[in-house]
Amino acid sequence: MPDASAPAARYPGAERITYEHNRLRVPDIPIVPFIEGDGTGPDIWRASVRVLDAAVTAAYGMRRRISWLEVLAGEKAMAAVGSLLPEETVTAIRDHRVAIKGPLTTPVGGGFRSLNVTLRQQMDLYACVRPVRHFRGVPSVVHRPGDLNLIIFRENVEDIYTGIEWSADSAEAADLRRFLDERFHIRLRPDAGIGIKPISRFGTRRLVRMAIEYALGHGRPSVTLVHKGNIMKYTEGAFRDWGYELATTEFRDRVVTWDEVQREHGGRVPDGRLLIQDSIADIMFQHLLLRPKEHSVLATPNLNGDYLSDAAAAVVGGIGMAPGANIGDGYAVFEATHGTAPKYAGQDKVNPGSVILSGVMMLEHLGWKEAADAVVSALEDTIAAGRVTYDLARGNDAAEVVPTSRFADQVIARLRA
């Protein structure tokens, strides 16, 4: 596999991204590791990288370029070096600070643990960031999909994603059942598997801080803390309480809570203040469909964010157009949010939108907003023109189905124009 310790790059003069004084330092030709992914990953990566390169050229000419460095994970890594996630890959991503990846295989039930989760845990990528918005021309089952425009900040390394669990027939589960019975008089069925759901003040505060900083920096009107605190009072209820605590201490002069709006401001958010509110998780599902304009940025524990981000994507047409990022302090990995769809592998058929838009998030993260905006505009115009991949043609009888590569060609043509 590529030597992760050497800056082997496509372009002379390429440099690593560095992190200084809590900020990325991005050279004009940064080295960016990529994992093309399993299943349909190679097809959508080949299309996406051409779009991203064309956007950078369109925005900056030859002054800026991305020097791509392939690193291996998943099936390709197993075939090459006998490991699903080689240490060299993690080292390369850590050394270069920013990376992008296609979908990787994750088994259900037994087998190896999710590579995505492993990467997040090893690099402490504690925020899963999922922007969800509608693109003109994408079919949707709701009447006004454009009303939904959210950024979801989902805690990424605690809650159920710690993976602390034991099977029902294990000695560890038997010991825990016995301990709970003897120490706390909690009796579980003898065939119960056991999992542990940790949510910490530290993890909550840093996630909510990132969500609030994003909202303030991007002119968003509100941050909603989503939880199931009516039932799980000391985990999800604590997430809510710690979120309010963080907001009203670190950002006191820039935020206002919902209670304060009602009690002190006659039900109106004061000008220049960011509204901090909260919602029970199941109510938020309804709001995604019925009242999406009431929410702008969501901050959620892990499991709630997992459900809500996919549900929100369904409202605007599906996860094929849903980008994502895993972000920590000084590190970020951008990724497709859908699966590998192995039955379509090598057929040049599937929609590359999720990886392309994840690349848009990456460009924004690098501070290359002009290139990011150019991709969004060209992508939206391409979809609206009606020559799209098969999934985007569903429900649109006037659409013409084109291969993945030709779809990318159309986006690139609009970038160049």
Side-chain angles (χ1 to χ4, degrees), residues 37 39-59 102-103 130-150 288-289 292-293 309-324 336-341 343-361 363-364 370-417:
T40 58
D43 284 349
I44 58 178
W45 173 251
R46 281 191 294 269
S48 299
V49 71
R50 291 194 298 117
V51 170
L52 299 177
D53 284 342
V56 172
T57 300
R130 294 276 297 270
V132 187
R133 54 151 290 188
H134 185 249
F135 284 81
R136 287 181 297 113
V138 175
S140 172
V141 296
V142 302
H143 293 300
R144 296 191 304 276
D147 285 357
L148 192 150
N149 189 337
L150 287 174
L288 291 179
L289 292 171
K293 287 185 175 182
S309 56
D310 281 1
V315 171
V316 298
I319 58 174
M321 292 294 293
T337 60
H338 55 70
T340 59
K343 69 178 180 179
Y344 296 125
Q347 297 181 29
D348 193 28
K349 184 173 183 178
V350 299
N351 171 21
S354 183
V355 173
I356 290 173
L357 289 170
S358 297
V360 167
M361 295 182 70
L363 292 171
E364 292 174 341
E370 298 85 356
D373 290 346
V375 175
V376 172
S377 178
L379 183 64
E380 189 156 27
D381 288 346
T382 299
I383 294 169
R387 300 183 73 242
V388 293
T389 53
Y390 80 99
D391 57 311
L392 295 175
R394 291 195 190 110
N396 183 357
D397 294 337
E400 176 187 349
V401 176
V402 300
T404 307
S405 55
R406 195 173 303 167
F407 180 79
D409 290 341
Q410 295 177 100
V411 178
I412 292 167
R414 287 176 169 83
L415 283 166
R416 291 172 175 164

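- In this view, Arg144 and Asp147 satisfy the salt bridge (Lys or Arg N to Asp or Glu O under 4.0 Å) rule, not counting sequence neighbours.
- Annotation: side chain of Ile44 is in contact with side chain of His338 (closest heavy-atom distance under 4.5 Å).
- With contacts defined as side-chain heavy-atom distances shorter than 4.5 Å, the pair Thr57/Arg416 does not qualify.
- Using a 4.5 Å cut-off on side-chain heavy atoms (C-beta onward), Val315 and Leu289 make contact.
- Contacts of Ala341 classified as side chain to side chain contact (heavy atoms under 4.5 Å, CB included), with partners at least two apart in sequence or in another chain: Thr40, Tyr344.
- Across all their heavy atoms, Ser358 and Ala336 have their closest contact at OG-N, 3.9 Å.
- Here the CG-CG distance, from Asp391 to Asn351, works out to 4.5 Å after rounding to the nearest 0.5 Å.
- Partners of Glu364 according to the salt bridge (Lys or Arg N to Asp or Glu O under 4.0 Å) rule, which considers only residues two or more places apart in sequence or in another chain, do not exist here.
- Counting only distance, with no hydrogens or angles, the side chain of Gln410 and the backbone of Arg387 share a donor-acceptor pair below 3.5 Å.
- Counting all heavy atoms, side chain and backbone alike, Ile319 lies closest to Ala313 at CG2-CB, 3.7 Å.
- Ion pairing between Arg130 and Asp310 holds under the 4.0 Å rule for side-chain N and carboxylate O.
- Partner of Val316 under the side-chain contact (heavy atoms from CB on, under 4.5 Å) criterion, out of Val138, Leu150, Val142, Leu148: Leu148 alone.
- One finds a salt bridge joining Arg50 and Asp409 here, because a Lys/Arg side-chain nitrogen approaches an Asp/Glu carboxylate oxygen to under 4.0 Å.
- Taking the side chain as every heavy atom from C-beta outward, Phe135 and Thr382 never approach each other to under 4.5 Å.
- Across all non-hydrogen atoms, the minimal contact from Arg136 to Glu380 is N-OE2, 3.1 Å.
- In this structure, Arg133 and Met321 have side chains that are not in contact, with every pair of non-hydrogen atoms separated by 4.5 Å or more.
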Yes or no on side chain to side chain contact (heavy atoms under 4.5 Å, CB included) for Val402 and Tyr390, after CA distance, side-chain angles and deciding distance? CA-CA 7 Å; Val402 300; Tyr390 80 99; over 6 Å; no
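- Residues Lys349 and Pro403 form no side-chain contact, since every pair of their non-hydrogen atoms from C-beta on lies 4.5 Å or further apart.
- Between the NE2 atom in His134 and the CD1 atom in Ile383 there is a gap of 8.5 Å [rounded to 0.5 Å].
- Each of Leu357, Ile356, Val56 was evaluated against Val375; a single residue qualifies, Ile356, per the side-chain contact (heavy atoms from CB on, under 4.5 Å) test.
- The closest side-chain heavy-atom distance from Arg46 to Ser405 is not below 4.5 Å.
- Here the closest heavy-atom approach between residue Ala322 and residue Ser354 is recorded as O-OG, 2.6 Å.
- Annotation: side chain of Thr389 is not in contact with side chain of Val401 (no heavy-atom distance under 4.5 Å).
- Asp43 places a side-chain N or O within 3.5 Å of a backbone atom of Gln347 that can act as its donor or acceptor partner.
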Test side chain to side chain contact (heavy atoms under 4.5 Å, CB included) on Leu379 and Phe407 and set out the steps.
CA-CA 9 Å; Leu379 183 64; Phe407 180 79; 3.7 Å; yes
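- For the residue pair Leu288 and Ala311, the shortest heavy atom distance occurs at CD1-CB, 4.1 Å.
- Across all their heavy atoms, Ala378 and Leu415 have their closest contact at CB-CG, 3.9 Å.
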